[in-house]
Every structure is written in structure tokens, then in C-alpha cells.
Amino acid sequence: MGELLRVTDVVKRFPVGRGLLLRKPTAEVHAVDGVSFTINSGETFALVGESGCGKTTTANLVLRLLDVDAGRIDFAGEEITHRRGKRLRELRRDIQMIFQDPVASLNPRMTVRDIVAEPLVAQGRRRGATGQVAELLERVGLDPDHAGRYPHEFSGGQRQRIGIARALALSPKLIVCDEPVSALDVSMRAQVLNLLLDLQTDLGLTYLFISHDLSVVRHVCDRVGVMYLGKIVEVAKREQLFGGALHPYTQALLSAVPVPDPDVEVKRRRIVLQGEVPSPLHPPPACRFHTRCWKVETICRNETPELEVRCGQHKASCHFAEPRAAVEIHA
Amino acid sequence: MRQTTSQAQPTVTVDASTAGRPLLEVRDLRTEYRSPSGIVRAVDGVSFTINPGEVLAVVGESGCGKTATALSILGLIPRHAGQVVGGQVLFEGEDLLSVRAERLRQIRGDRIAMIFQEPTLDPVRRIGDQISEVLRAHRALSHHDAWNQAVEFLGLVGIPRAAERARDYPHQFSGGMRQRALIAMAVALRPDLLIADEPTTALDVTIQAQILELLLEVRRSLGMAILLITHDLGIVAGFAERVMVMYGGRKVEEAPVRSLYRQPKHPYTWGLLGCTTRLDGNRRDRLPQITGAPPSLISPPTGCRFAPRCPHAQELCRASYPALLEVGDRHRAACHFAEGEEWGSS
Amino acid sequence: MTDIQLIGSPMAPEAEEVVPALVGAERVLQPLARRGVFRRLMRDWTARIGFVLVVLLVLAAVLAPLLAPHEPLALDGGSFESPSWSHPFGTDRLGRDLFSRILFGARLSLGTAFFASLLITFAAVFVGSVTGFLGGAVDSVVMRVVDTILAFPSLLLAIVVAGLFKPSLWSLMLALASVWWVGYARIVRGLVLAVRERQFVTAARVAGGRSSRILIRHILPNVLPPVIVLATLEMGTLILAISALSFLGLGAQPPTPEWGAMLNEGKNHFFSAPHLMLFPGLAISAAVLGFNLLGDGLRDVLDPKS
């Protein structure tokens with residue numbers, strides 16, 4: 001399997017606040033600060049982190065909904081960092097997106113048929129669109145006879161299927177899934193995750209999967225990148241990450257995810273992080289996690305740890321990286 | 001920072017005089033909402049009890065009636081939206097559904113407090129003022145004393161430099177700190193029952209862990225009972241002593257937390273546990289799933305509400321609604337086939 | 001972490017393409033028709049009253065030549081006659097039938113307000129949506145112009161503009177429109193900014209839609225319903241403004257049977273013949289009330305959440 005997407009040292013900052021007259025930003029949010037990763041064809045790569053870590057901004061940079069401030073993005077061997085206009089619209093055929101909110105992402109004043117056909121029409125493939133829409137709806141488990149209905153007539157899970165059908169319309173190579181199940185009820189969640197897995201098997205899709213929920217990530221991903229305050233702090237294959245996370249932040253994140261088993265919860269050794277994520281306006285110097293880390297030493301405050309290979313393809317940026325299981329149980 | 005170990009559930013010693021008498025007893029509660037397409041039977045004959053100092057979790061998906069149940073207990077169903085149409089809510093023997101509005105206001109906040117998913121604070125008033133106002137509404141306190149108590153409770157819920165931060169406005173607090181402030185406001189009057197409606201759903205997972213630990217800590221020090229309303233079976237496992245599962249406006253199963261997770265007797269509970277994503281256990285590529293979607297509560301299916309989605313449903317299930325059966329120690333399930341059947345291992 | 005306001009949300013890279021003229025109105029309005037708006041509107045009794053009032057006035061305007069018992073300009077009665085069977089609303093100083101004048105006045109008052117409203121809405125939707133959608137320098141410049149115009153009291157400014165021309169209903173309409181559109185444009189721009197940030201617009205961009213398509217197909221259909229509500233509510237205000245300016249002698253000139261002008265003619269005989277002010281005043285009130293009730297009803301019905 002070849003490399004499909006390569007993101008190299010991308011940076012994105014947002015200006016914050018401004019004077020009344022001169023539109024001069026008073027500060028900048030360091031939303032994404034030197035993020036690099038690659039995704040191979042046919043795999044699922046997850047970006048995980050809490051709100052404000054920059055995972056969604058990274059997704060928007062890959063989708064070219066936002067322009068990078070620095071860095072470079074390559075897709076299928078071609079640089080796409082600065083594509084615009086017609087060339088950018090062509091790129092949309094290959095990179096599609098599934099949204100978090102199945103209500104907000106569907107235009108309430110359009111029928112399902114029009115919503116799913118939207119990418120086809122936008123790309124000038126109006127001919128045969130109706131037939132294709134029926135196929136797509138069937139593919140995601142919806143009744144094609146319901147194509148004339150409006151989104152509000154469907155349940156949350158069904159609406160998410162409509163969004164998935166829309167994303168499939170152009171037969172893309174890469175689909176960016178931005179928290180695709182976090183707005184859904186538990187029973188709907190499993191249905192949609194299974195659908196995403198089936199589609200990947202059938203169509204050979206590649207996913208960039210954005211999520212805050214490590215238990216969801218564990219079910220669908222091949223490789224995982226963990227983000228904290230605009231940087232990737234750890235990248236690993238799924239088994240490596242859940243078997244023995246190296247970065248203290250990843251460990252804390254894993255440890256905070258509840259396990260639906262009272263016996264495990266009682267015996268579990270838990271790390272409860274103190275304090276909250278610092279403001280991305282003024283991220284801490286050197287290691288960004290040092291203000292909340294229990295392993296912190298002087299070096300963490302002075303020297304930025306590199307995202308280095310520790311073993312196999314397992315990378316972590318910590319001066320004191322040591323493996324810890326996702327669910328550690330008292331002996 | 002700190003490494004802690006989750007404690008085994010603390011046992012609260014119950015005063016001998018009140019032993020055996022539940023703190024709250026809900027009997028056959030029925031609540032309806034009005035909607036353009038008809039009457040929604042949001043809560044349809046739900047009964048349960050909470051003992052003093054106990055943690056009961058109500059679990060279910062959106063639209064199962066769990067929030068409507070909580071709002072009904074406190075008489076908080078907005079008049080234009082719907083109303084409680086039947087049943088009793090006995091709080092220490094007093095029916096909250098038939099007391100006068102003034103009496104209900106006294107109980108609300110003072111004896112029973114509630115926290116919501118979205119931190120609901122007045123954006124234009126100082127945090128400290130908002131907490132002291134709650135205190136002064138129920139206690140004869142001077143402004144000064146109320147403020148001091150507010151600061152004390154902010155400290156208790158882990159707000160650093162509480163005396164200083166009490167002067168802040170809500171927007172100066174992060175989401176997690178706002179939820180802490182709300183907990184301070186809710187427990188400042190030392191209520192006997194705290195109703196927490198999805199208290200961590202809007203929060204990040206590391207903050208969620210902090211808030212859950214805080215709630216248990218506060219409960220330990222003040223000895224109140226908690227009614228936790230959530231959709232997350234993961235949170236319940238480490239938090240509650242007893243669990244009640246709701247589906248389609250009804251209680252489908254109720255059990256001590258351990259037996260619910262070990263031997264779920266209702267196919268819905270079993271399916272819910274099966275399709276919950278988890279960090280441990282064997283990774284399965286495909287999750288077991290419950291097909292279909294929850295029923296409409298405007299014209300719910302006759303018979304068992306879960307029958308249309310249930311893999312084990314038979315004629316009987318579609319014809320008559322199953323009564324709650326005793327299937328184990330304090331373990332009840334509303335399924336015709338709950339006794340003896342094993343739906344599979346969880 | 002403190003809350004952070006992100007500003008200057010960078011415009012889409014696709015936005016370099018210029019937005020062409022607004023076309024395809026039928027596509028934009030189509031979803032409105034499909035959702036049973038009228039049926040739901042009729043469920044609310046205040047909206048029903050508003051609707052009936054507006055329909056009656058429109059019918060009066062359209063059918064004025066058939067309904068009117070007399071020519072509006074004909075001097076065929078005694079002066080200052082009180083209401084009677086032959087002159088239901090009485091006659092004015094020159095013996096003209098007041099009822100007929102009010103019927104024909106409906107044409108002028110409603111018509112002027114309607115065309116002014118149309119002009120205003122078009123200008124506002126065009127300017128507001130283009131500036132809101134494109135953002136950047138165009139937006140800043142246009143919005144500063146708008147702010148400047150908004151800084152003057154609009155009625156006063158309309159009087160000044162109307163004073164530049166020979167007084168007539170046409171010049172009055174243009175004067176009102178030229179002043180009134182700015183407030184609307186600001187509102188439309190705000191609506192566009194809000195809709196632009198909604199996720200389905202991002203979805204349309206991901207689909208590869210051109211900016212013009214996104215604006216027409218996705219943003220405008222979600223902006224127009226509130227604009228229609230606003231335009232309906234504002235019809236009442238416009239009718240009042242037109243009457244007021246005509247009353248001041250800036251609009252319709254005698255003997256034109258415009259309601260405001262009729263009020264003006266009647267004011268000198270208020271004590272001897274109060275019906276000269278009463279009936280035109282009632283007509284104005286009925287129109288304003290009708291449009292306000294209808295607008296309120298539309299607001300409730302057109303809300304997508306309903």
C-alpha cells in the first residue's frame with residue numbers, strides 16, 4: 001500500500017481580538033504548530049485529542065478549507081498546499097468529508113436527493129445523478145424511496161447515513177471523518193461505525209478519523225496520532241498505543257476513558273490530571289504538557305522533546321517516555 | 001501531579017431512625033409533552049426509589065424519558081411544553097406532585113438540587129454572588145456570611161484561589177470550572193438529593209474524570225444521595241451503586257451495578273452493553289449492533305417497546321407489555337423471557 | 001482556558017471567483033412553497049386576522065374601479081357631507097366621495113409601499129449577501145458607507161432626499177428606498193454571516209461547489225425567510241412613512257387620493273368634519289396592523305425549527 005497523504009510541518013495560527021480602528025490582531029492562537037504525519041492508502045489514521053488541541057483545524061487544512069501558514073501537504077504524490085479555484089474543486093473529487101453534526105451538516109431546506117446529488121451536480125455530473133443517488137442511499141442502508149424527504153424527517157443515525165452517502169458520491173480516495181459518531185446515541189454509534197468499516201472493505205477507502213474518544217478510535221483505526229495544544233505528541237499503531245502508550249498525556253487520556261465494567265473500574269489504576277489545558281494563546285514553552293505532567297523535571301521546562309521513534313513505528317515526544325497499558329489493573 | 005486509585009464504592013452509614021425508608025419514591029410517574037404531531041408520552045409509568053446516601057444511575061438513549069423523569073420530580077416541566085399526568089413523587093413521604101408551589105420551591109435547591117449538562121450560570125453576574133443568592137434564598141444569612149460560605153464551597157469543589165475567583169464572571173471560567181461552580185452552588189445548601197443530568201457530557205474526557213471524582217468526593221463529605229442521568233454506560237460502571245435502564249419512556253431493567261453488567265437480563269441492556277465501544281477486551285472489527293431506531297413515543301408500539309428491534313422477539317412480545325419480573329437479588333427486568341434466558345455473555 | 005474569539009475567519013480559497021448576479025429565484029423560493037407554510041400560518045388566529053386585513057386591502061386596491069360608487073376625483077356631492085348611504089364615508093370639502101378616494105388611495109399607498117419594499121429588499125439582499133459572503137475589503141468599505149447612512153435619522157434623511165426632487169409619489173418612493181435599504185442590508189449581511197458558518201455550507205464547499213452556487217443554493221434559501229418576514233413587518237412602517245411624508249406635502253400632491261395626503265387635506269376641518277381624518281387614519285391603521293400581524297405569523301411559521 002502506497003502513501004496517499006503526507007502532511008509536513010503544517011502551521012496554522014488564528015489572530016485574536018483587535019483594536020477598534022486598526023484591525024491589528026492583538027494575539028494569535030497557535031491552533032496547529034508543526035504537525036506532520038502520513039496516511040497510507042486503505043488505512044485509517046486517527047487524530048485524537050481534547051477540544052482545542054488542533055485536530056479539527058488539521059482536518060480543515062487537509063481538506064484545504066483553510067490555508068496553511070507554513071508547511072506542505074501532498075496528496076497522491078502531488079503537492080496540494082496552494083491549490084485554488086478549478087484545481088481545488090478537482091481535488092474535492094478525491095477528498096471528501098463526513099461531519100460531526102448530522103443536523104447542522106444537512107441543509108434543512110433541501111431534499112435528501114438534492115443533498116446527496118450535491119457533489120455530483122457541483123462537479124458537473126448531473127447526468128444519471130438520480131440513479132446514482134438511489135444506489136448511494138441503498139449502499140448506506142437507507143430506502144431509496146425516501147429520497148424526496150427532508151432531513152428533519154429522519155433520525156440522527158439515518159441523517160448521518162445521508163451525510164455518508166453524500167461523501168461517497170464522487171468515489172473519493174480519502175474521507176475525512178470529523179467526530180462522525182460523537183453526536184449519536186450509543187446504539188446508532190455502533191451502526192455507523194460498522195457501516196464505515198464495511199465501506200472501507202468494499203471500496204478500499206482511506207480515512208482520516210478525527211475523534212476525542214479513544215474507545216471509538218480503538219475499534220476503527222490502524223494508526224493513531226495523539227494531539228495536545230497544536231502538536232502531535234505520540235504516533236503509533238493501534239496495538240502499540242493501546243498496549244503501551246509512551247507519552248504521559250496519552251496515558252492520562254486513556255486512563256480517563258471509563259470502562260463499562262464495574263469490576264475493572266474498581267480495580268483500575270487511574271491517573272487524574274490536575275488543572276486544565278493551558279490557553280493556546282500562550283502555550284507553555286518547551287514541552288507543552290509540562291504544566292500538568294506528574295513526571296515533570298527541569299529539562300521538560302527548558303528543552304522541547306522531539307517526536308522520536310522509540311520502537312518500531314512508535315513515536316513519542318517525551319523526555320521520560322515509558323510504556324503503560326491502556327487499562328492498568330491493580331495486582 | 002497526582003496518581004490516584006479509584007476507591008471501592010464508599011458505604012454511607014444510614015441513620016437508624018430513617019433506615020428502611022426511602023429518601024425518594026417515585027410511583028407510576030407519567031409525563032406527557034405536547035408536540036405538533038401529537039402527545040408524546042415521554043414518561044409512561046415509571047417507578048423507582050432512592051435510599052438516603054445512595055447513588056442511582058438512570059441510563060438510556062436520547063428520548064427514553066430519563067431527563068423528563070428528572071424534571072418531573074422537581075416540577076420543572078415547562079407549562080407550555082407538557083405536564084405530569086399521573087403518579088406520585090414521594091420525598092420523605094411528601095408527594096411533590098401535590099404540594100403547593102411555595103413548598104416545592106423550599107424543597108427545590110434546599111433539599112433536592114440539580115445540575116445540568118450545560119453549565120447554566122447567569123453571564124452578567126459574579127460567580128460568588130450567584131452562589132450567595134442561592135444560600136440567602138433558603139437561609140437567613142447576611143450578605144457577608146453568604147459570600148464567605150460561597151467562597152468556602154468554591155474551595156471545596158477545587159477552584160484554586162477561591163476568594164479571588166468568586167469575584168469572576170462565568171466567561172472567565174473554563175467549561176470544567178463552570179461545572180465545578182455549579183456543583184458548589186448545588187451542594188452549598190447540603191441537599192439530601194443531587195440530581196445530575198448528564199453533568200459531564202459537554203466536557204473533555206480528562207475534565208470529565210475530574211468532575212466525576214469531585215461528585216463522589218462531595219457525596220462522601222456531605223452524605224447526599226445522587227441521581228445520575230446519563231447515556232454513558234462507562235461512567236455508570238465506576239460511579240453508581242444501582243442502575244436503572246430506560247427505553248421508550250419505561251423502565252426496562254433495574255439492578256445493582258455489578259449484576260447489571262455481569263448478567264443483563266433485558267435484551268436491550270444486553271445489546272447496549274455489547275455495542276458500547278471500549279478500551280479493553282478483544283478488539284472486534286465490527287461491533288455487535290442493535291438494528292433500527294428507538295420508537296416514536298407519540299404512537300409507541302403495542303406490547304414491548306423494544307420488540308421491533310429485539311432479536312429474540314416473539315408473538316407474545318408484540319401482543320402484551322411485559323411486567324417487571326424479579327430476576328435476582330434486587331434485580332428486575334421487564335421482559336417476558338428474562339427468567340432463565342441467557343442472551344449471551346457480556 | 002479563556003474563551004477565545006476567532007476573528008477574520010479566513011475566506012475560502014475558492015472565494016476568488018466573483019459572485020455573479022443573483023439568479024434562480026424560483027429555486028430559492030421553491031422550498032418555501034413545499035413546506036405547507038400557508039396551512040400552518042392559518043392555524044394562528046392573529047396571523048389569520050392579519051392575512052384577512054391584508055387581502056381585503058389588496059382586493060380594495062385591485063378592484064377599486066369596480067367597488068367605488070363614485071369617481072375619486074369627481075365633485076358629485078355637497079361639501080362635508082356626513083356618512084350616508086350614497087356616501088358611506090361622507091364627502092370632503094369639494095364634495096368628492098371619501099369612500100371611493102380611500103379605495104383608490106389603497107392602490108397608491110399600498111402600491112408605493114410595496115414597490116419601495118421590493119426595491120429595498122432587492123438592494124439589501126444583493127449588497128448584504130455579497131458583502132457578507134465575500135468579506136474582506138469590499139465588506140469593510142460598503143459597511144462603512146452603510147454605517148454612515150445609518151447615522152442619520154432615516155425619516156429626516158428621506159425628507160432631505162425627497163426635497164431634492166419635485167414632490168411626487170415616485171420621488172417619495174425613491175427617497176424612501178435610497179435611505180431604507182441600508183438597515184436591511186446590515187441585517188441581511190448578519191444573516192449571511194451566520195448561515196455561512198453553518199456546517200452544511202462547509203459541506204457544499206467540500207462537494208466542490210462554486211461560490212455562486214453556494215450562495216444561491218445554500219445560503220440564500222436560509223436567509224430569505226427571515227427577510228420576507230422583515231419585509232412584511234416593514235410594509236407597515238413604510239405605509240406610515242409614506243403617509244407621513246405625504247401629509248407633510250412631500251409625496252402625493254392634491255388631488256391625488258393618497259391616504260397621507262387626504263389626512264393633510266382633512267386636518268383643517270378636523271372639528272367640523274372629523275370623518276375626513278378618521279377614515280384615512282383607520283385605513284392606515286388597518287394596513288399597518290394587517291402587515292404586522294401577518295409578519296409576526298410568518299416569523300413563527302418560517303422558522304425552520306417549527
Side-chain angles (χ1 to χ4, degrees), chain A residues 49-52 154-158 181 185-191 193-194 197-198 201 212-220 238-239 242 249 252-277 292-296 325-327 330, chain B residues 1-9 60-63 158 160 174-177 203-210 212-213 231-240 257-258 260-262 268 271-281 283-294 309 346:
Chain A
E50 296 179 280
S51 44
F154 294 86
S155 72
Q158 289 174 317
V181 296
D185 269 322
V186 182
S187 70
M188 299 292 138
R189 212 174 265 196
Q191 292 179 9
L193 287 177
N194 285 343
L197 288 170
D198 293 346
T201 317
H212 71 280
D213 189 337
L214 278 159
S215 69
V216 167
V217 162
R218 182 173 164 279
H219 280 274
V220 293
R238 186 190 60 240
E239 307 83 46
F242 291 94
Y249 176 65
L253 204 55
L254 282 164
S255 162
V257 179
V259 172
D261 185 333
D263 293 343
V264 173
E265 284 291 301
V266 167
K267 284 186 274 177
R268 193 170 172 196
R269 291 184 61 209
R270 171 158 280 173
I271 305 163
V272 176
L273 283 182
Q274 300 300 298
E276 315 217 358
V277 183
R292 301 172 81 197
C293 187
W294 64 94
K295 289 184 175 178
V296 63
V327 179
H330 281 290
Chain B
M1 308 253 151
R2 198 151 58 96
Q3 290 227 21
T4 62
T5 302
S6 21
Q7 300 288 314
Q9 295 303 331
E61 299 179 273
S62 42
S174 67
M177 279 172 44
L203 303 174
D204 273 320
V205 63
T206 57
I207 308 298
Q208 164 173 295
Q210 293 176 3
L212 290 175
E213 185 173 275
H231 67 280
D232 190 337
L233 281 164
I235 291 176
V236 172
F239 190 85
V257 69
R258 205 165 169 278
L260 187 96
Y261 285 79
R262 281 285 157 264
Y268 175 65
L272 209 54
L273 279 166
C275 70
T276 302
T277 54
R278 49 194 296 169
L279 283 180
D280 60 339
R283 184 225 189 210
R284 287 160 297 204
D285 265 323
R286 282 179 60 94
L287 286 156
Q289 65 184 37
I290 305 176
T291 52
R309 302 174 76 188
S346 63

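In what follows, chains are A, B, ... by sequence order, proteins preceding strands, each numbered from 1.
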Can you say whether A:V327 sits under 4.5 Å from chain B via the side chain, the backbone, both, or neither, judging by heavy atoms? side chain

Smallest separation among heavy atoms of A:P260 and B:L273, with atom names: O-CD2, 4.5 Å

Kindly give the heavy-atom pair with the smallest separation between A:S187 and B:R309, and that separation in Å. OG-NH2, 3.1 Å

Closest non-hydrogen contact found for B:L279 with A:F242 is CD2-CE2, 3.5 Å

Is a side-chain N or O of A:Q191 found less than 3.5 angstrom from the main chain of B:G292, in a donor-acceptor match? yes

Counting only heavy atoms closer than 4.5 Å, note whether A:S155 contacts chain B via side chain, backbone, both or neither. side chain

Most contact-rich option vs chain B, by heavy-atom pairs under 4.5 angstrom, among A:S255, A:P262, A:G157, is A:P262

Side-chain heavy-atom pair A:D263, B:R262 within 4.5 angstrom cut-off: yes

B:V205 portion near chain A, given a 4.5 angstrom heavy-atom threshold: both

Do you know which of B:M177, B:R258, B:H231 has the most heavy-atom pairs with chain A at a distance under 4.5 angstrom? B:R258

Assert top hit (heavy-atom pairs under 4.5 Å, partner chain B, pool A:S215, A:G156, A:A252, A:P258) equals A:S215

From CD1 (B:I235) to CD (A:E265), nearest 0.5 Å: 10.0 Å

Which of the residues A:D185, A:D213, A:L214, A:V257 is involved in the greatest number of heavy-atom pairs with chain B at under 4.5 angstrom? A:D185

Give a yes or no on whether the backbone of A:V272 and the side-chain of B:Q210 come within a donor-acceptor separation of less than 3.5 Å. no

Measure the shortest side-chain to side-chain distance between A:V186 and B:L233 over non-hydrogen atoms and say whether it is less than 4.5 angstrom. no

Contacts of A:D198 meeting salt bridge (Lys or Arg N to Asp or Glu O under 4.0 Å) (sequence neighbours excluded), chain-then-number -> B:R286

Give, as side chain, backbone, both or neither, the part of B:Q208 having an atom under 4.5 angstrom from any heavy atom of chain A. side chain

Side chain of B:Q289, backbone of A:N194: donor and acceptor closer than 3.5 Å? no

Could you tell me which residues satisfy salt bridge (Lys or Arg N to Asp or Glu O under 4.0 Å) with B:D232, sequence neighbours excluded, listed by chain and number? none

Inter-residue atom distance A:M188.CE - B:E61.CD, 0.5 Å rounding: 6.5 Å

Output the distance between atom OG1 (B:T206) and atom NE2 (A:H212), rounded to the nearest 0.5 Å. 11.0 Å

Among the options B:G158, B:C275, B:G271, B:A209, pick out the one with the most heavy-atom pairs lying under 4.5 Å from chain A. B:C275

Atom CG in B:L287, atom CG in A:L193: separation rounded to 0.5 Å? 6.0 Å

If we ignore hydrogens and angles and just use 3.5 Å, is the side chain of A:R218 paired with the main-chain N or O of B:R278 as donor and acceptor? yes

Atom pair OG1 (B:T276) and CG (A:D261), whose distance is rounded to the nearest 0.5 Å: 11.5 Å

